[in-house]
Amino acid sequence: MEFDTIAAISTPPGEGAISIIRLSGEQAVKIAQRVFKGKNLAQVASHTINYGHIIDPDHDNQEVDEVMVSVMLAPKTFTREDVIEINSHGGIVATNRILQLLLANGARLAEPGEFTKRAFLNGRIDLSQAEAVMDLIRAKTDRSMQVALNQLDGNLSTLIKQIRKDIVDTLAQVEVNIDYPEYDAVEQMTTKLLVEQAYNVKAHVEQLLKTAKQGKVLREGLATAIIGRPNVGKSSILNHLLHEDKAIVTAIAGTTRDVIEEYVNVRGVPLKLIDTAGIRETDDVVEKIGVERSRNAIVQADLVMLVLNSSENLTDEDRALLKLTADKKRIVILNKTDLAMHLKQSELAKLVEPHEVIAVSVLKNLNMDQLEDKIAHLFFAEGIENNQTTLMVTNARHIGLLAQASKALQAVIDGVEMGMPVDIVQIDMTTAWDKLGEITGDSVQDDLLDELFSQFCLGK
Ligand SMILES: Nc1nc2c(c(=O)[nH]1)N(C=O)[C@@H](CNc1ccc(C(=O)N[C@@H](CCC(=O)O)C(=O)O)cc1)CN2
Ligand SMILES: Nc1nc2c(ncn2[C@@H]2O[C@H](COP(=O)(O)OP(=O)(O)OP(=O)(O)O)[C@@H](O)[C@H]2O)c(=O)[nH]1
Ligand SMILES: [K+]
Ligand SMILES: [Mg+2]
């Protein structure tokens, strides 16, 4: 496939030691050579890096920057096209100026994700691998990074391709049976084959869907809302788990006014911790909004940490919060146990049953280990083993397609059971094949591609 030559800055904007401006396409070497003083880039060996200067041909070859230029010739490159990477000094001005020079000399500014899109269109990677590139960039924990890397290596693709091959083989066999009926029972044999394969393929698809729920948590973190009355120590707990003083902690009730979100890894469990404004009746307008957001955070949360103050007896607000979160997955934390105990633990135990209460002191760092144990336990009890199972479906698009494939396979099974003609059942089988193909990009529409790649970073 042939495309025009694209250029973009591939490093993050801002000041850095070095920036990379990347070119890809047939004219990459020629365009780079127009603005480069040093060796003749058309003559250097592929996959070499070359010292020289970027010059402005329209301004008396004025020097713009001192650079290193990588020359990587097709097809063994990121895009499978000729690729040039200019390693410049990291300033914003020099880097932008080099990009502008490339654009003035025949390159087109790349769209977000266009380098990766070319790797896909030129057949180096499939769609799920391209999506994995994006996931890799956005990964927030080691585990989610491994999952993305596994997908980038093509393991999900391989599995999907195998499943699709099974479907095609079946459909081919069905065709043969229909075209060359050798004996009378052929219709019956064909529907039996279809239903057997539908069950078989559906089991694989369901297996993948099962990993999806865990995959979402791995990628986005378990949404964990820290809630409780004002001043019980919610922000202190957030800071403790983060090992960092992120949230403001003061003795003034109502310190946290808005929802604070931070990612943290607790014993390998990725949490999206949400510190909230203390919940109480209030007339303060700002605090009121914060309290409303806290209530929302509870609804959205996968896990709630409800914090109580052991140095005061339970209040109506505590009881209301205990009730509000009764149906949620939650950990009830009894904080400030370094102070004299005033809370009636028997009443609390009854309200929390059958779950236990974790008694801690954040201030004195008492029993905080037990809290971390509890988090890990809750998480891994969900069936997320702490092993290296890294083939997981994490992408919402993939999950949707797997669900649609599963539905089509069920329609095959139901259709056969209801005695539908083979050619109708075949259509559902083909739908499953199509839906799975959309995951790898074997069957996919152009506008979907545009939309997917546009979510990438510039220069990727
Ligand atoms: N400087 C630089 N670093 C980078 C990238 C880049 O584009 N430039 N990458 C950008 O994301 C990542 C590396 N990803 C890459 C993936 C494939 C190929 C590549 O050339 N593949 C060829 C040849 C492989 C080989 O020589 O064995 C191929 O698959 O055919 C290059 C980079 C991270 N680091
Ligand atoms: N004695 C004692 N004090 C604590 C403990 N944990 C927190 N505190 C103190 O309690 C006060 C309130 O702590 P915060 O973490 O700000 O409480 P919060 O729940 O986030 O408060 P709001 O954001 O105002 O709702 C601070 O002075 C903390 O130092 C503890 O375990 N023991
Ligand atoms: K406070
Ligand atoms: Mg707070």
Side-chain angles (χ1 to χ4, degrees), residues 221-264 266 271-301 303-325 328 330-345 348-349 351-352 356-375:
L222 193 72
T224 304
I226 309 175
I227 60 152
R229 276 194 292 121
N231 248 359
V232 290
K234 298 178 294 297
S235 299
S236 304
I237 290 174
L238 174 96
N239 288 347
H240 178 94
L241 291 172
L242 283 178
H243 304 291
E244 201 182 331
D245 286 339
K246 264 276 155 75
I248 300 170
V249 167
T250 76
I252 302 162
T255 301
T256 306
R257 292 291 181 116
D258 203 352
V259 172
I260 300 174
E261 286 187 8
E262 288 294 337
Y263 288 90
V264 63
V266 175
L271 299 183
K272 183 172 83 178
L273 280 181
I274 305 150
D275 183 19
T276 63
I279 296 184
R280 64 172 169 189
E281 288 301 321
T282 175
D283 291 330
D284 182 304
V285 181
V286 178
E287 198 180 341
K288 222 177 195 146
I289 296 171
V291 168
E292 206 34 58
R293 290 195 180 159
S294 305
R295 289 189 205 279
N296 262 331
I298 296 176
V299 176
Q300 310 278 323
L303 172 67
V304 169
M305 292 193 204
L306 173 54
V307 187
L308 303 167
N309 181 349
S310 64
S311 71
E312 297 165 6
N313 203 356
L314 281 180
T315 67
D316 287 343
E317 277 146 340
D318 290 329
R319 290 190 191 91
L321 285 174
L322 280 161
K323 212 165 159 193
L324 191 64
T325 58
K328 301 235 53 145
R330 73 174 174 193
I331 301 175
V332 177
I333 302 171
L334 192 55
N335 189 32
K336 307 202 183 187
T337 54
D338 55 295
L339 302 175
M341 174 75 64
H342 288 288
L343 185 141
K344 286 206 197 73
Q345 281 176 289
L348 178 61
L351 288 170
V352 176
E356 56 196 319
V357 174
I358 312 268
V360 303
S361 163
V362 192
L363 194 70
K364 297 279 153 65
N365 197 9
L366 298 174
N367 223 12
M368 293 303 284
D369 273 358
Q370 204 194 331
L371 175 61
E372 297 199 2
D373 283 346
K374 183 78 190 171
I375 294 167

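Whatever order the structure lists them in is the order used to number ligands and atoms, beginning at 1.
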*Passes side chain to side chain donor-acceptor pair (under 3.5 Å), Ser310 versus Thr337? Steps please.*
CA-CA 6 Å; Ser310 64; Thr337 54; 5.4 Å; no
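Of the protein's non-hydrogen atoms, the one nearest atom 30 (C) of ligand 2 is Leu363 CB, 3.3 Å.
Shown in contact with Pro230 at under 4.0 Å from a heavy atom are these atoms of ligand 2, numbered in order with element: 25 (O). Listed by number with element, the atoms of ligand 2 under 4.0 Å from a non-hydrogen atom of Thr250 are 11 (C), 12 (C), 13 (O), 16 (O), 26 (C), 27 (O). Taking a cut-off of under 4.0 Å to the non-hydrogen atoms of Leu339, the atoms of ligand 2 that pass are 1 (N). In the vicinity of Ile252, heavy-atom distances shorter than 4.0 Å reach the ligand 2 atoms 24 (O). Listed by number with element, the atoms of ligand 2 under 4.0 Å from a non-hydrogen atom of Gly278 are 25 (O). Every atom of ligand 2 is numbered from 1 in the order shown, and the set under 4.0 Å from a heavy atom of Ala251 is 27 (O).
Side chain of Asn335 to backbone of Val362: a donor-acceptor contact under 3.5 angstrom is found.
Within 6.0 Å of CD1 on Ile248 lie no more than 12 heavy atoms contributed by other residues, nucleotides or ligands.
Under the side-chain contact (heavy atoms from CB on, under 4.5 Å) criterion, Asp284 pairs with Arg257, Thr282, Val286, Glu287, sequence neighbours left out.
Closest heavy-atom approach to atom 12 (C) of ligand 2 within the set Asn231, Ile279, Thr255, Val249: this belongs to Asn231. Of the candidates Lys234, Arg229, Arg280, Lys234 brings a heavy atom nearest to atom 19 (O) of ligand 2.
Heavy atoms of Ile237 come nearer than 4.0 angstrom to ligand 2 in no pair at all.
Legend: side-chain hydrogen bond (donor to acceptor under 3.5 Å, both in side chains) pairs involving residues 289-299, not counting sequence neighbours, sorted by first then second residue: Asp258-Arg293.
Around the Mg ion (ligand 4), the protein contributes the following N, O or S atoms under 2.8 Å, ordered by chain and number: Ser235 OG, Thr256 OG1.
Tally of protein N, O or S atoms closer to the K ion (ligand 3) than 3.4 Å: 4.
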